[in-house]
Each structure stands twice: as C-alpha cells, then as structure tokens.
Participant: 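What follows is a single structure, and I will ask about it in a moment.
All values reported here derive from a predicted model rather than from experimental measurement.
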Amino acid sequence: MSAAVPSVLFDNHGRPLEYLRLAVTDRCNLRCFYCMPEEGIQYLPKQELLSYEEMERLVALMAGLGVRKVRLTGGEPFVRRDLVPFMDRLSQIPGIEELTMTTNGVLTAPHVPELARMGLKAVNLSLDTLDRARFASITRRDELPRVLDTLYALLAAGIRVKINAVVMDGQNTQDLLPLAELTRDLPVDVRFIEEMPFNGHSHEATPATLPWNHNRIREHLALNLGELTPVPTRPGDTASHYTVAGHQGRLGIIAAYSRTFCGTCNRIRLTAEGGLKTCLYDQGVLDIRALLRGGSSDEQIADALKSAFRNRAANGFEAESQRPLHQLSFESMSTIGG
C-alpha cells in the first residue's frame, strides 16, 4: 500500500474518520433471509451504480481527508466484473494503507492468488453455519462447499480471515459451537454478530428483547468452551475479542444491534449508488453521485463531506431516531453494504 498522507478528519464528537466501507454493488448471489427477501428484489440499473472511475475519484479524495482503510462490500463484491483490477488500482492510491473486503466466498476462491499478489491482508468471510442443509436454508442456495474452499484457500495464501456469523434465534444457534471450534486448529477469528433489522422488512425485536444479544452469546460460549479471556480493544473496534486456552484463533462478539461501540466508531459507508451513510442506522446523509455527475469539483465534494461529518449522529440510536416516523422497515443490508 502507498505511504500515508498525514491528515486526520474528526467528526463533531471527536471521532477520527479513517475507515470507508465501499459497496461496489447491490447484487448478491445468495438470498440470506436476514439480509434480503427471496424474491421481488429491485436491483439498481447499471447506470445508477457508481462507476469504478467515480469510486476511485472518491477514495482518492477521502484519502486526502484522512481515510486510511477501505473495505469493499456489496451485495457480493465478486458479482461485479473486473473487481480485482479495480482493487489493485485502489491499493495504489496515496494514503490508503489497508485494503480489505467482505465476501460470502462463493465466487472468491479462484481470485485468491491475485488477492495475495496485490497484498490484500484480510478478508471477512460471511458464514453462519457449517451444516450444509442449514446453509441452504439460510442462504436459499446450496453453496457451502465453495465457501469452505475459499476459507482454506485464503488461509493457505496467508490472508487473515475473520468469519462473520449472524446469530439468529431458532435458525443457527446450534451452530455457534461448531463455528467456534474452528478457532481450535485454525488461525481465524470467528465473530458472532447480533441480528440486525436490515432485511428489507420491519423488525419487531428491540435491543432489550433480542433473544440472542451479546451477553447471551458470550455466556453460551463460556459455558461450553471454558474461560474466555478478553483481548484489549482498540478505538474503532466493533468486536469484543476473546482467546480460549488451546485455541489458535480468537472468538469475537459484535453487539451490532445493542450498539455498544458507537463511542469510538471511525467508519463511514458509501452505498453502491453513491449515498453517504455516517452511521449504519441513518437513512443516508449525502447524495455523492449527484455531486459527481453534477460537475462538482473535488473541493466542493470535500466541503460537502466535511459538512456531513460535522453533523454526525452520536450513536446508532440517535441516527435511528432521526429516520421518518412513517418508515417502519429498514433497508436490505445488500443495498447498504455489509
């Protein structure tokens, strides 16, 4: 990666904004029920998506403001053509120190050698179960063998892997321990995430009534695996990490719906159509695509970004409270960027 440009941008709560989650597409080759409906998905026409050239311009601009890390998300990033050459170009942008990605792993394995050559350090792999039948039930696709091929190809190439598993009551809670056991013999982080409402429908649970919140997840793991030793967290960490005696890897728990980590959040999101989200729970605070295609200069776009950052919600609860009262459902996570 390129040498850092000495610049730091802070929001109105004193949090540095260093980390961009960039959705390159709203399309996905899985249909996970907690992320999107099975049918009736209205994908964006290609012309409404940001082009790779537009995204490169924005990343370069944000790097000049202080962004140091870029994570590519979707949908599923690999359903968009020519992704790897685009990633290679992003990695050369001055100021970008770390390029990572989140993938479901179905299409990823053939690209692992290229990812390793460009110096990709880490991949978040979405994997909610190791049981093939439950995988097919959750994702509505029978693709678990290809995902596991990706897991082992990434590890063989020396790319750090974080497995992300969404914990869903009545769906995959029996899978927590088999997933956690992967850390015994593999140098992976297995991170369990509270279920969130971003499924394209309304969501009746609240953080207080969520059946499997971060506390219950931790208690369940400790009861069955033994003592969980906390790993010191760093500002900006979303996961609480733990080691287990005799395990090569680590366990993590992400209180995504309880929102316990907002106080040090250093993330901003850009949706595939160019909407800026300064919080996962907001509705979008700036239409960057309109600025790009309306002829705005880099300076004008930078000023608009700074204005949005100066009015950032303090946490996910404040951001959610600012959504219109008539909006009872949340977007699909595939349209936001995982």
Side-chain angles (χ1 to χ4, degrees), residues 1-4 18-30 32 49-56 58-60 62-63 67-128 139 141 143-165 182-183 186-191 238-239 248-250 252 267 269-270 272 333-334 337-338:
M1 302 300 164
S2 303
E18 305 167 312
Y19 181 3
L20 171 65
R21 298 180 68 97
L22 176 63
V24 298
T25 181
D26 64 330
R27 297 174 185 264
C28 190
N29 50 349
L30 299 182
C32 301
L49 297 175
L50 291 183
S51 68
Y52 282 149
E53 292 75 17
E54 288 171 328
M55 286 188 276
E56 287 173 51
L58 282 171
V59 171
M62 290 184 179
V67 166
R68 298 287 166 261
K69 177 179 177 179
V70 177
R71 175 176 297 282
L72 299 186
T73 72
E76 166 51 40
F78 279 107
V79 302
R80 185 158 181 175
R81 293 181 179 179
D82 300 318
L83 178 72
V84 173
F86 168 65
M87 294 175 64
D88 201 20
R89 294 194 299 273
L90 287 187
S91 72
Q92 304 304 315
I93 291 176
I96 299 303
E97 300 171 359
E98 185 175 355
L99 183 66
T100 62
M101 71 183 310
T102 295
T103 176
N104 61 35
V106 174
L107 301 173
T108 312
H111 301 284
V112 168
E114 298 170 279
L115 299 178
R117 278 197 299 272
M118 78 170 62
L120 192 78
K121 300 299 183 186
V123 168
N124 284 9
L125 183 65
S126 300
L127 180 59
D128 302 313
T139 68
R141 300 291 187 273
E143 296 286 10
L144 179 61
R146 290 214 279 179
V147 177
L148 294 178
D149 286 346
T150 291
L151 168 63
Y152 290 106
L154 289 167
L155 292 175
I159 297 174
R160 183 162 51 92
V161 178
K162 298 178 182 179
I163 294 173
N164 286 344
L182 289 175
T183 67
L186 298 176
V188 298
D189 286 2
V190 175
R191 310 192 307 173
T238 56
Q248 286 191 47
R250 304 187 305 175
R267 291 159 177 73
R269 294 173 181 266
L270 193 66
M333 197 68 182
S334 65

Participant: Working to the nearest 0.5 Å, report the span between CG of Asp26 and CZ of Arg80.
Facilitator: 10.0 Å
Participant: Could you walk me through whether Thr25 and Glu76 pass the side chain to side chain donor-acceptor pair (under 3.5 Å) test, one step at a time?
Facilitator: CA-CA 7 Å; Thr25 181; Glu76 166 51 40; over 6 Å; no
Participant: Taking atom CG of Leu270 and atom CE of Met55, what is their separation to the nearest 0.5 Å?
Facilitator: 8.5 Å
Participant: How close do Leu154 and Val161 get, counting heavy atoms only, and between which atoms?
Facilitator: CB-CG2, 3.6 Å
Participant: Counting C-beta onward and ignoring hydrogens, is there a side-chain heavy-atom pair between Asp88 and Glu114 closer than 4.5 Å?
Facilitator: no
Participant: So which atom in Leu186 and which in Gln248 form the shortest heavy-atom distance, rounded to 0.1 Å?
Facilitator: O-CB, 3.8 Å
Participant: Can you name the closest pair of heavy atoms from Pro113 and Pro110 and give their distance?
Facilitator: CD-O, 3.7 Å
Participant: Can a donor-acceptor pair be found, under 3.5 Å and without considering hydrogens, that links the side chain of Arg68 to the backbone of Ala63?
Facilitator: yes
Participant: Please round to the nearest 0.5 Å and tell me the distance separating atom CZ of Arg267 and atom OG1 of Thr238.
Facilitator: 4.5 Å
Participant: Roughly how far, to the nearest 0.5 Å, is CD1 of Ile163 from CG of Asp189?
Facilitator: 9.0 Å
Participant: Do Leu72 and Leu83 come close enough that some side-chain heavy atom pair is under 4.5 Å?
Facilitator: yes
Participant: Ignoring hydrogens, what is the shortest heavy-atom contact between Asp82 and Tyr52? Give both atom names and the distance.
Facilitator: O-CE1, 3.5 Å
Participant: To check you understand the geometry: which heavy-atom pair defines the closest contact between Ala23 and Gly74, and what is its length?
Facilitator: CB-O, 4.0 Å
Participant: With side chains defined as the heavy atoms from C-beta onward, is the minimum distance between Arg191 and Asn124 less than 4.5 Å?
Facilitator: yes
Participant: Indicate yes or no: at least one non-hydrogen side-chain atom of Glu98 is less than 4.5 angstrom from one of Tyr19.
Facilitator: no
Participant: Starting at CG of Leu30, measure out to OG1 of Thr139 and round the result to the nearest 0.5 Å.
Facilitator: 5.0 Å
Participant: Could you state the interatomic distance from CG (Leu99) to NZ (Lys69), rounded to the nearest 0.5 Å?
Facilitator: 10.0 Å
Participant: Do you know which two heavy atoms are closest between Leu127 and Ala165, and how far apart they sit?
Facilitator: O-CB, 3.3 Å
Participant: For Met101, is there any backbone N or O sitting under 3.5 Å from a side-chain donor or acceptor partner on Arg71?
Facilitator: yes
